[in-house]
Amino acid sequence: MEYLSGIGVDLWDASFGNKSRLWPLYLIATLVIAAALYRLRSERQPFLQWLMPKAVWLHPSHIVDLKVFALSRLLTVAGAFNVIALGTIVAPFVAAHLSLPQVAETTPHPFVIAALLLVVSDFATYWVHRLHHEVHILWPFHSLHHSAEVMTPVTVYRKHPIYDLTKSVIHGAMIGLTQGVLLAMFPGGVTMGMLLGVNAGYLLFNMLGANFRHTHIWLSYGRVMEHILISPAQHQIHHSIDPAHHNTNYGEVLAIWDWMFGTLYVPQTAEKLEFGLGDAQGNRLTQRHDSLTAALVVPIRDSLRQIRKKLRRKDAKPTVTPAE
């Protein structure tokens with residue numbers, strides 16, 4: 001009984017703890033911002049109907065979101081995506097084998113460390129995200145996320161386990177490398193900038209509207225700030241089937257990576273968006289991730305198909321005989 005109770009606590013923590021976007025504190029902040037937007041925009045329909053329309057929350061696409069969310073939380077509790085474990089392996093290894101000038105007498109402010117780790121993590125997120133869009137073998141695992149035809153805060157967890165695993169490994173390696181460099185430079189140790197047990201940067205990011213990223217509610221930060229931070233509106237644009245929006249706004253927190261690498265899209269005004277998978281002309285593709293089984297199996301089949309295509313093209317290349 002105690003074992004089952006422990007699993008229940010772990011499941012709750014993985015689903016609604018302070019590392020989750022669905023942590024009650026974040027949901028309360030989301031409600032407060034939503035109420036302010038509702039009043040500022042003088043919406044006419046009742047608040048809850050505007051915020052949580054039945055057409056969205058009872059949509060078959062959202063039902064799949066819920067099922068993938070439940071599976072991902074179970075896998076998280078099982079340790080399938082344990083970034084911390086990898087980081088704790090990489091960090092001491094790097095610190096032990098890296099020769100750097102030691103600055104033992106000074107210690108960086110904890111919030112400086114928090115900002116540094118956020119920047120490193122966000123840089124890794126940008127490239128993991130972009131590679132999953134641009135590498136044909138990887139795209140099927142991310143296409144599950146983009147196949148959402150409606151979005152709610154739960155949609156952030158509509159991800160294939162292989163995508164989550166890939167992201168966790170790269171994040172763990174990058175964070176571990178950064179922490180190893182810090183340990184090498186500051187052998188006395190450094191203190192992470194934490195607020196309520198969360199990296200201070202991510203706490204602010206999630207408190208200031210991150211849950212609107214996967215909703216139908218438009219929230220823009222304005223042209224200037226959207227060159228620095230990715231707004232919920234920019235991420236909604238990333239999910240749009242409009243060809244003008246394809247392959248843009250890969251960043252999670254910071255827009256500077258998109259700005260730097262030419263993938264930034266800053267909206268001029270509020271845009272009418274359709275979510276889901278579309279072809280190069282913007283036509284909606286047939287929903288193929290319409291059940292939990294399909295959500296898990298279809299990406300694997302599609303990725304294997306891409307691998308076979310690459311192998312066939314490689315075998316079909318003519319052999320060039322060197323001139324004698």
- Task: Report the residues that fulfil salt bridge (charged side-chain N to carboxylate O under 4.0 Å, His left out) with E271, sequence neighbours left out, ordered by chain and then residue number.
- Result: none
- Query: Any link between L71 and V68 through a network of hydrophobic side chains (Ile, Leu, Val, Met, Phe, Trp, Tyr) touching at under 4.5 Å?
  - Reply: yes
- Item | Cluster link V32 to L219, ILVMFWY, side chain under 4.5 Å | no
- State, without any angle test, whether S240 and E274 hold a side-chain donor-acceptor pair at a distance under 3.5 Å. no
- Taking Q234 for its side chain and S231 for its backbone only, find out whether a donor-acceptor pair lies under 3.5 Å. yes
- Message: Applying ring-ring contact (aromatic ring centres under 6.0 Å, His included) to H239 and H214, what does each step give before you reach the verdict?
- Response: CA-CA 9 Å; H239 276 267; H214 295 97; 5.2 Å; yes
- Check whether the ring centres of Y126 and F261 lie less than 6.0 Å apart, and answer yes or no. yes
- Under 6.0 Å from the CD atom of E43, do we count more than 12 heavy atoms belonging to anything else shown? yes
- Item | Over 12 foreign heavy atoms within 6.0 Å of CZ, R39 | no
- So, for S20 and A14, which heavy atoms are closest and what is the spacing to 0.1 Å? CB-O, 3.9 Å
- Task: Determine, stepwise, if the pair S220 / E226 fulfils side-chain hydrogen bond (donor to acceptor under 3.5 Å, both in side chains).
- Result: CA-CA 8 Å; S220 170; E226 287 182 343; 2.8 Å; yes
- By ring-ring contact (aromatic ring centres under 6.0 Å, His included), which residues pair with F212, not counting sequence neighbours? none
- Identify the heavy atoms of A148 and S61 that sit nearest to each other, and give their distance. CA-OG, 3.4 Å
- Message: Going by the rule ring-ring contact (aromatic ring centres under 6.0 Å, His included), which residues pair with Y221 if we only count those two or more places apart in sequence or in a different chain?
- Response: none
- Task: Show your working on ring-ring contact (aromatic ring centres under 6.0 Å, His included) between F69 and Y157 and close with a plain yes or no.
- Result: CA-CA 5 Å; F69 168 74; Y157 296 103; 5.3 Å; yes
- Is it true that L22 and V156 fall in one hydrophobic cluster, defined by side-chain heavy atoms closer than 4.5 Å? yes
- Item | Partner residues of R158 under the salt bridge (charged side-chain N to carboxylate O under 4.0 Å, His left out) criterion, sequence neighbours left out | D65
- Item | Non-hydrogen side-chain atoms of L118 and V253 separated by less than 4.5 Å | yes
- Task: Would you check, one step at a time, whether the test side-chain contact (heavy atoms from CB on, under 4.5 Å) holds for V64 with H289?
- Result: CA-CA 8 Å; V64 174; H289 307 86; 5.5 Å; no
- Parallel, tilted or perpendicular: which describes the rings of H227 and W259, with under 30° parallel and over 60° perpendicular? perpendicular
- So, for A280 and P243, which heavy atoms are closest and what is the spacing to 0.1 Å? O-CG, 3.3 Å
- Message: Any salt bridge linking D164 with K167? Criterion: basic side-chain nitrogen under 4.0 Å from a carboxylate oxygen.
- Response: no
- Message: Counting C-beta onward and ignoring hydrogens, is there a side-chain heavy-atom pair between R73 and T76 closer than 4.5 Å?
- Response: yes
- Message: Centroid separation under 6.0 Å, is that true for the rings of H146 and H133?
- Response: yes
- Message: Measuring from atom CZ of R213 to atom CG of N249, what distance do you get when rounded to the nearest 0.5 angstrom?
- Response: 9.5 Å
- For W139, what are the other residues in its hydrophobic cluster, where any two members join if their side-chain heavy atoms are less than 4.5 angstrom apart? L277, L285
- Message: Other members of the hydrophobic cluster containing I237, with the 4.5 Å side-chain heavy-atom rule, please.
- Response: M151, W218, Y265, L273, F275
- Query: Can you tell me how far CZ of R41 sits from CG of L37, rounded to the nearest 0.5 angstrom?
  - Reply: 4.5 Å
- Task: Kindly write out the residues that satisfy ring-ring contact (aromatic ring centres under 6.0 Å, His included) with Y38, not counting sequence neighbours, or none if the list is empty.
- Result: F47, W50
- Item | D122: salt bridge (charged side-chain N to carboxylate O under 4.0 Å, His left out) partners, not counting sequence neighbours | none
- side-chain contact (heavy atoms from CB on, under 4.5 Å) between Q306 and S303, intermediate numbers included: CA-CA 5 Å; Q306 290 297 328; S303 182; 5.5 Å; no
- Task: Evaluate the criterion side-chain contact (heavy atoms from CB on, under 4.5 Å) for residue pair F123 and W257; output intermediate values, then yes/no.
- Result: CA-CA 7 Å; F123 183 73; W257 315 124; 3.6 Å; yes
- So I300 and F141, side-chain contact (heavy atoms from CB on, under 4.5 Å) or not? Walk me through it. CA-CA 7 Å; I300 295 173; F141 300 114; 4.0 Å; yes
- Message: I'd like to know whether H62 forms a ring-ring contact (aromatic ring centres under 6.0 Å, His included) with H59, so could you lay out the CA-CA distance, the side-chain angles of the two residues, the decisive distance to 0.1 Å, and finally the verdict.
- Response: CA-CA 5 Å; H62 183 243; H59 194 285; 9.2 Å; no
- N211 CG to I217 CD1 distance, which is reported to the nearest 0.5 Å: 10.5 Å
- For H171 and T125, does a side-chain donor sit closer than 3.5 Å to a side-chain acceptor? yes
- Item | Near-ring test H129/H132, centroid separation under 6.0 angstrom | no
- Can you spot which of T248, D258, N247 makes a side-chain hydrogen bond (donor to acceptor under 3.5 Å, both in side chains) with T263? D258
- Note on the structure: For R301, the salt bridge (charged side-chain N to carboxylate O under 4.0 Å, His left out) test, sequence neighbours excluded, returns none
- Task: Please name all residues satisfying ring-ring contact (aromatic ring centres under 6.0 Å, His included) with H109, sequence neighbours left out, ordered by chain then number.
- Result: F111
- Do Y163 and I170 share a hydrophobic cluster (ILVMFWY, side-chain heavy atoms under 4.5 Å, transitive)? yes
- Task: Measure the CG-NZ distance between L144 and K159 for me, rounded to the nearest 0.5 Å.
- Result: 10.5 Å
- Message: Nearest 0.5 Å, please: how far is CZ in R284 from CD1 in I241?
- Response: 4.5 Å
Tabulate below the donor-acceptor pairs under 3.5 Å that side-chain atoms of residues 186-206 make, not counting sequence neighbours, or state none.
from, atom 1, to, atom 2, distance (Å)
N199, OD1, G201, N, 2.8
N199, OD1, Y202, N, 3.4
N199, ND2, A114, O, 3.2
Y202, OH, S121, OG, 2.9
N206, OD1, R21, NE, 3.1
N206, ND2, Y202, O, 3.2

- Query: Hey, what else clusters with V298 if you join Ile, Leu, Val, Met, Phe, Trp, Tyr whenever side-chain heavy atoms sit under 4.5 Å?
  - Reply: none
- Query: Transitively linked via ILVMFWY side-chain contacts under 4.5 Å: V224 with L229?
  - Reply: no
- Any side-chain heavy atom of K67 within less than 4.5 Å of one from S291? no
- Query: Is the closest basic N to carboxylate O distance between K19 and D13 below 4.0 Å?
  - Reply: no
- Query: With ring centroids as reference points, do H160 and H145 lie under 6.0 angstrom apart?
  - Reply: no
- What is the distance from atom CG of L75 to atom CG of L165, rounded to the nearest 0.5 Å? 10.0 Å
